[in-house]
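Everything numeric in this text was worked out from a predicted model, so none of it was measured. In each ligand, atom 1 is the first atom listed, and ligand 1 is the first ligand listed.
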Amino acid sequence: MTTMAPWQTDWHIARATLEWQLDMGVNEAICDAPVNCYDLPQKREAPQAKAPAAPAQARAEPAQDAPDPIALARHAAESAQDLAALQAALAAYDHCELKLGARNLVFADGQPNARVMIIGEAPGREEDRQGKPFVGEAGQLLDRMFAAIGMGRENPDPAKAVYITNILPWRPPQNRDPSSDERAMMRPFVQRHIELIDPDILILMGRISAGTLLDTTEGITRLRGQWRDIMGRPCLPMLHPAYLLRNPPMKRHAWADLLSLQARLRDTT
Ligand code: URA
């Protein structure tokens with residue numbers, strides 16, 4: 001657990017309050033004093049004439065020396081010589097706003113010497129709380145899926161172990177999809193993470209993971225089950241367990257992909 005500054009605590013209280021209000025069905029923000037909508041003036045006052053726009057050349061130019069967050073991420077990631085340094089570099093990276101709303105940086109779990117590295121999307125509520133990837137309902141399904149082929153994050157045998165991380169280490173608010181900017185900022189860190197773990201096989205768990213690392217907008221239902229190559233190593237896009245929880249009939253595809261992974265591991269011992 002990281003220690004929070006008082007302003008961060010306030011942020012969490014404010015978010016929890018808003019989430020509670022949304023759960024209670026609040027869908028509109030109103031003022032303290034009641035407004036009688038039937039008594040409003042029929043005509044709004046004409047808006048004041050706006051000041052003329054500044055000529056194009058006089059408008060503020062983007063600062064020449066504004067740091068490029070992706071270049072900074074690349075530099076920070078490439079400088080990390082081991083996992084602890086990479087985690088510290090992520091913790092020190094201040095250009096992704098998701099960090100402000102997260103309780104914890106969710107770095108990784110499992111065995112760093114595993115032959116298989118799984119890359120998911122982003123932490124959810126439970127992962128944010130515990131600081132570990134894939135520990136909520138979807139994570140429990142992920143564990144059962146890999147247990148079905150004799151593999152797991154706790155297994156000390158590298159041939160049967162998995163190592164798990166995400167594209168984003170911070171939970172997006174309301175579990176929204178990460179933006180393309182957020183994904184682009186985190187990509188150098190994920191690439192360095194792959195280099196440091198040096199797995200034989202990568203599993204791209206779900207649409208966001210496959211889309212970010214394969215640089216494609218192709219849907220995951222098309223991509224899944226097709227072996228690809230990233231950074232000189234085979235990778236298999238799979239359906240995300242959260243998707244499987246919502247679409248149980250698709251589990252048969254996940255099973256086919258797990259068998260394909262098992263065969264590939266056997267062929268490449
Ligand atoms: N979904 C993910 O993609 N990653 C997690 O860590 C949890 C849920």
>> Looking only at distances, can you tell me whether any N or O atom of Ala138, backbone or side chain, sits closer than 3.5 Å to an N or O atom of ligand 1?
In response: no

> Is Gly136 in contact with ligand 1, taking contact as a heavy-atom separation below 4.0 Å?
Replying inline: no

>> Would His240 count as a contact residue for ligand 1, given that I'm defining contact as a non-hydrogen atom of the residue lying under 4.0 Å from a ligand atom?
In response: yes

> For atom 8 (C) of ligand 1, which candidate among Ala122, Ala108, Pro123, Ser209 provides the closest heavy atom?
Replying inline: Ala122

> To the nearest 0.1 Å, how far is atom 4 (N) of ligand 1 from its closest protein heavy atom, and which atom is that?
Replying inline: Asn166 OD1, 2.8 Å

> Under the 3.5 angstrom rule, does the side chain of Glu127 hit a backbone N or O of Val135 as a donor-acceptor pair?
Replying inline: yes

>> For the backbone of Thr212 and the side chain of Arg187, can you confirm whether one donor and one acceptor N or O come within less than 3.5 Å of each other?
In response: yes

> When you look for heavy atoms under 4.0 Å from ligand 1, do you find them on the side chain of Ala242, its backbone, both, or neither?
Replying inline: neither

> Do side-chain atoms of Thr165 reach the backbone of Phe107 as a donor and acceptor pair under 3.5 angstrom?
Replying inline: yes

> Short list, please: which atoms of ligand 1 are under 4.0 Å from a heavy atom of Gly120?
Replying inline: 3 (O)

Please list every donor-acceptor pair under 3.5 Å in which a side-chain atom of residues 246-255 meets a protein atom from a residue at least two apart or in another chain.
| from | atom 1 | to | atom 2 | distance (Å) |
| --- | --- | --- | --- | --- |
| Asn247 | ND2 | Tyr243 | O | 3.0 |
| Arg252 | NE | Pro249 | O | 3.4 |
| His253 | ND1 | Arg224 | NH1 | 3.4 |

>> Quick check: do Phe134 and Asn166 have side-chain heavy atoms less than 4.5 Å from each other?
In response: yes

> Hey, which atoms in ligand 1 end up nearer than 4.0 Å to a heavy atom of Pro133?
Replying inline: 6 (O)

> Backbone, side chain, both or neither: what part of Glu127 comes under 4.0 angstrom of ligand 1, heavy atoms only?
Replying inline: side chain

> Which pairs pass salt bridge (Lys or Arg N to Asp or Glu O under 4.0 Å) with one or both residues in residues 71-83, sequence neighbours excluded?
Replying inline: none

> Quick check: does any side chain N or O of Tyr93 sit under 3.5 Å from a backbone N or O of Leu72, one acting as donor and the other as acceptor?
Replying inline: no

